[in-house]
Amino acid sequence: MSESNPVPYAESDLYRLRHSAAHVMAEAVLALFPEAKLAIGPPIEEGFYYDFDLGRGDDGRPKTFSPEDLEAIEARMKALLKHNAPFQRSSKTIEEARAFFADQPYKLELIQELAAGKVDENGNPLSEPVSEVGIYQHRQFVDLCRGPHVAYTSQVKANAVKVLRSSGAYWRGDEKRPQLQRIYGTAWPNKEQLDEYLQRLEEAKARDHRRLGKELGLFHISQTVGTGLPLWLPKGAILRETLEGFLRQAQVERGYLPVITPHIAKIDLYITSGHYPYYKDSQYTPIDVDGEKFMLKPMNCPHHIEIYKSAPRSYRDLPYRLAEFGTVYRYEQSGELTGLTRVRGFTIDDSHLFVTPEQLEGEFINVVKLIQYIIQAMGIHDFRARLGTNDPNSDKYAGTPAMWERGIRAIRQAADKLGLPYSVEEGEAAFYGPKLDFIARDVLKREWQLGTVQVDFLLPERFDLEYVGEDGQKHRPVMIHRAPFGSMERFVGLLIEHFNGAFPLWLSPVQAVLIPITDRNVEYAQKVAADLRAAGLRVEVDDSGARMNAKIRHAQLQKVPYMLVVGDKEADNQAVAVRTRQNADRGAVPVSEFIGRARSLIESKSMEL
RNA sequence: GCCGACGUAGCUCAAUUGGCAGAGCAAUGCUCUUGUAAAGCAAAGGUUAUGGGUUCGAUUCCCAUCGUCGGCUCCA
């Protein structure tokens, strides 16, 4: 949860500080690499970056920054910061700026776009052409820049800046344009805040789902099976199945109907749906069998459509809501894969709703409410909603302008009725229609799309879907595609980080560990475990040769909600000594009482223990 | 896919300028029978990602492939 801040970041002192630090870093880079060409260097959420083109080396490949170069750049930056200099703003006409930046091709391109009124220095869209551009100078370093900056370089503290890393980054974010060298850095008002930030990064690593997934035995990715194809270990599978069961129940209550469809289908299915050209570059190669081509399914929509078409439909059948945990395969580029959040085989908690035009808004609202219900049940608050629309200048989108307009209007009206805030982002739609996405962030603050609802007028056309209306005439239904979790893999990945591996009782793969104090207590522990299992609880008995203290430590590190210590006293009284993972020793409790409390907490999906 | 860094035991990490590959934890066996975050001892665990090359000799240097990580691009 972000605190409400009266000053937007882009107008804050911290933003100026970082922007100024970016200029000083560029100054340091030019001092060490005089031939470097400057691209852009904006502040970002927790720091800043600057992009450079270092030209090509003798081998013809683009030159890059080595780790040693980065150290030298940071050292030079700190040295420069020891000498105070004012930041001075001025302006130049377009012609003056062109002459001044004559040997800086990227700046020239920026000036061109400013003059044309396309985008500003940071790549954001402009409303109108500019006739003069802003220039900031400190010492000999001059940059095309709208500012603002701090008044003096001394306001950037040498001990509160750090050069973090470098990487390749395409100019203008376009993989067809040159790849530049980006240096990321961070700057804070003082050393203490820099240290706090660096410590936060360390803590974030400790709750990374890839690390916790290994430590807690949730999933494994085997190179032998294939990269991006996670294996769910028993504990991870329990977690996932619990989530699936939760959603299944919610769907039953809302009139969804289960279906099951195969993992491959003839390629013609996707050609008809129009999916094929959009997914063909991210597909496993089709399987050729006796001259017929089959594809691993990259999405479930066409299969559900075929189910809709398997019988004539009447308006009385609608809304017709088909749901499936459908596994799909997409051959994502190798560099994009990440733990569970980006994989090549994943299961969408997919559903397709076939509705009449009149039902569209109401059904859309119900779906959004379902997603909100799911997200809230997990205690997730740090998410945002995004309306993804088509980019009229792109050929990525199918359908008519009227279809897009209707869809976008339906989503806006539904969101407004729900009072749901959302941002609008052009070019974020599915190819067949606009969508409302729910987006959360991982521990490294990377954004991931989770739940999604999409309005689709196109596929009903493509597949010639119809239903018989009250008037006896044939009508075209509208489709809603939706997935509250998004994918089981990604959702579980983010859930691991959200809870730092300490899942609420109802989701915990192991809800309690029985810890016998001596070997003679093992038998009693097993009897209690059987009683707890009979009551529907997931329990283990730690009958290893370790001492009690070590068993507690182990259960604690596994983030098991309850440790139930049993010795002679407990055996005599049909009791367990309850300890929670929050280090709370609750003392001896009758077994029946423990069962009652645990079941009630599970029933209510409580976050408490 | 692109740029960079990296790949040593199940996990976390060592190994001077190229010279017999080590430790802790886990797992295994034995002893101890323990009251709320790590008992002791023993034995075991490796074609140093894979395939080539240079060298008397390669974990170390070179090339290729695969993979991991951080970005870019892309995406549920």
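Residue numbers start from 1 in every chain, and the chains themselves are labelled A, B, ... in the order their sequence lines are given, proteins ahead of strands.
Across all strands, A/Arg581 comes closer than 4.0 Å to no nucleic acid atom at all (heavy-atom distances). Across all strands, A/Gln333 comes closer than 4.0 Å to base atoms (heavy-atom distances). Within the nucleic acid shown, A/Gly486 comes within 4.0 Å of sugar-phosphate atoms alone, with no base atom in reach, counting heavy atoms only. When heavy atoms are screened at a 4.0 angstrom cut-off, A/Val328 is found touching no nucleic acid atom at all. Residue-level contact check: A/Lys214 touches the backbone only, with heavy atoms under 4.0 Å from sugar-phosphate atoms and none from bases. Using a 4.0 Å heavy-atom criterion, one finds that A/Glu489 contacts no nucleic acid atom at all. Residue A/Asn583 is classed as a base contact, given a heavy-atom separation below 4.0 Å to a base. Contact annotation for A/Ile517: base contact, defined as any heavy-atom pair under 4.0 Å involving a base atom. Within the 4.0 angstrom heavy-atom criterion, base atoms lie near A/Ala577. No contact: A/Ala483 has no heavy atom under 4.0 Å from any strand. Using a 4.0 Å heavy-atom distance criterion, A/Gly451 is classed as making no nucleic acid contact. Using a 4.0 Å heavy-atom cutoff across all strands shown, A/Leu450 reaches sugar-phosphate atoms only and no base atom. As judged by a 4.0 angstrom heavy-atom cut-off over every strand, A/Arg182 is placed among residues touching the sugar-phosphate backbone only.
Residue A/Lys63 places no side-chain N or O under 4.0 Å from the OP1 or OP2 atom of B/C3. Listed pair A/Arg520 / B/U34 meets the phosphate criterion, a side-chain N or O lying under 4.0 Å from OP1 or OP2. Contact check, A/Thr347 against B/A76: no side-chain N or O comes under 4.0 Å of OP1 or OP2. The phosphate of B/G1 (OP1 or OP2) has a side-chain N or O of A/Ser334 nearer than 4.0 angstrom. Note on A/Arg446: every side-chain N or O is 4.0 Å or more away from OP1 and OP2 of B/C72.
Counting only distance, with no hydrogens or angles, the side chain of A/Asn500 and the backbone of A/Ala502 share no donor-acceptor pair below 3.5 Å.
Closest to the A/Ala550 side chain, of the nucleotides B/U33, B/A76, B/A39, is B/A39. In this structure, of B/G35, B/A38, B/G71, it is B/A38 that holds the atom nearest to the side chain of A/Arg553. Nearest nucleotide to the A/Thr64 side chain, out of B/A76, B/G4, B/G70: B/G4. Nearest to the side chain of A/Leu444, among B/G67, B/U36, B/G70, sits B/G70. Minimum atom distance to the side chain of A/Asp568 is reached by B/G35, of the listed B/G35, B/U73, B/U36. The side chain of A/Arg579 has B/A37 as its nearest neighbour among B/A37, B/G67, B/U34. With B/A5, B/A37, B/C74 as the choices, the nucleotide that has an atom nearest any side-chain atom of A/Leu557 turns out to be B/A37. Picking from B/A39, B/A37, B/G35 the nucleotide with the shortest atom distance to the side chain of A/Lys569 gives B/G35.
A donor N or O paired with an acceptor N or O is found under 3.5 Å between the base of B/U33 and the side-chain atoms of A/Asp519. Not a single donor-acceptor pair, N or O on each side, falls under 3.5 Å between the base of B/C69 and the side chain of A/Arg165. With hydrogens and angles ignored, a donor-acceptor pair closer than 3.5 Å exists between the side chain of A/Tyr170 and the base of B/G1. Side-chain atoms of A/Arg210 stay outside donor-acceptor range of the base of B/C69, with no qualifying N/O pair under 3.5 Å. With hydrogens and angles ignored, a donor-acceptor pair under 3.5 angstrom links the side chain of A/Glu570 to the base of B/G35. Donor-acceptor pairing under 3.5 Å, judged by distance alone, is present between the side chain of A/Arg342 and the base of B/C74. At a cut-off of 3.5 angstrom, counting only N and O atoms as typed in the model, there is no donor on one side facing an acceptor on the other between the side-chain of A/Gln179 and the base of B/C3.
Among residues at least two apart or in separate chains, side chain to side chain donor-acceptor pair (under 3.5 Å) pairs with a member in residues 555-565 of chain A are A/Gln556-A/Arg579.
Remark: B/G46 base-pairs with no nucleotide; criterion is Watson-Crick or G-U wobble with both hydrogen-bond distances under 3.5 Å. Figure legend. B/A39 is base-paired to B/U31; pairs are counted as Watson-Crick or G-U wobble with both atom distances under 3.5 Å. For B/G19, the paired base is B/C56 (Watson-Crick or G-U wobble, both distances below 3.5 Å). Across the strands present, B/C69 finds its partner in B/G4; the criterion is a Watson-Crick or G-U wobble pair with both atom distances under 3.5 angstrom. Nucleotide B/C11: paired with B/G24 (Watson-Crick or G-U wobble, both distances less than 3.5 Å).
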Check: protein-nucleotides 23-25 of chain B nitrogen or oxygen pairs below 3.5 Å:
none

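When the C1' atom is used for both B/A38 and B/A26, the distance is 12 Å, rounded to whole Å. B/G40 sits 13 Å from B/U34 when the C1' atoms are compared, rounded to a whole Å. Nucleotides B/A9 and B/G71 have their P atoms positioned 26 Å apart, rounded to a whole Å. Here, B/U48 and B/U59 have their C1' atoms 5 Å apart, quoted to the whole Å.
Inter-residue side-chain proximity for A/Tyr524 and A/Glu570 is flagged as met; some heavy-atom pair is nearer than 4.5 Å. Taking 4.5 Å as the limit, some side-chain heavy atom of A/Thr347 sits within range of a side-chain heavy atom of A/Glu489.
Atom CD of A/Glu608 is surrounded by 12 or fewer heavy atoms from other residues, nucleotides or ligands within 6.0 Å. No more than 12 heavy atoms of other residues, nucleotides or ligands shown are found within 6.0 angstrom of CD on A/Glu523.
No aromatic stack links A/Tyr184 and the base of B/G71, using centre distance under 5.5 Å and interplanar angle under 30°.
Taking the salt bridge (charged side-chain N to carboxylate O under 4.0 Å, His left out) definition, one finds that A/Lys445 meets it with A/Glu46, sequence neighbours left out.
Comment: A/Arg177 engages A/Glu109 in a salt bridge, judged by a side-chain N to carboxylate O separation of less than 4.0 angstrom.
The ring of A/Phe246 has its center closer than 6.0 angstrom to the ring center of A/Tyr373. Taking the six-membered ring for Trp and the full ring otherwise, the centers of A/Tyr50 and A/Phe48 sit at least 6.0 Å from each other.
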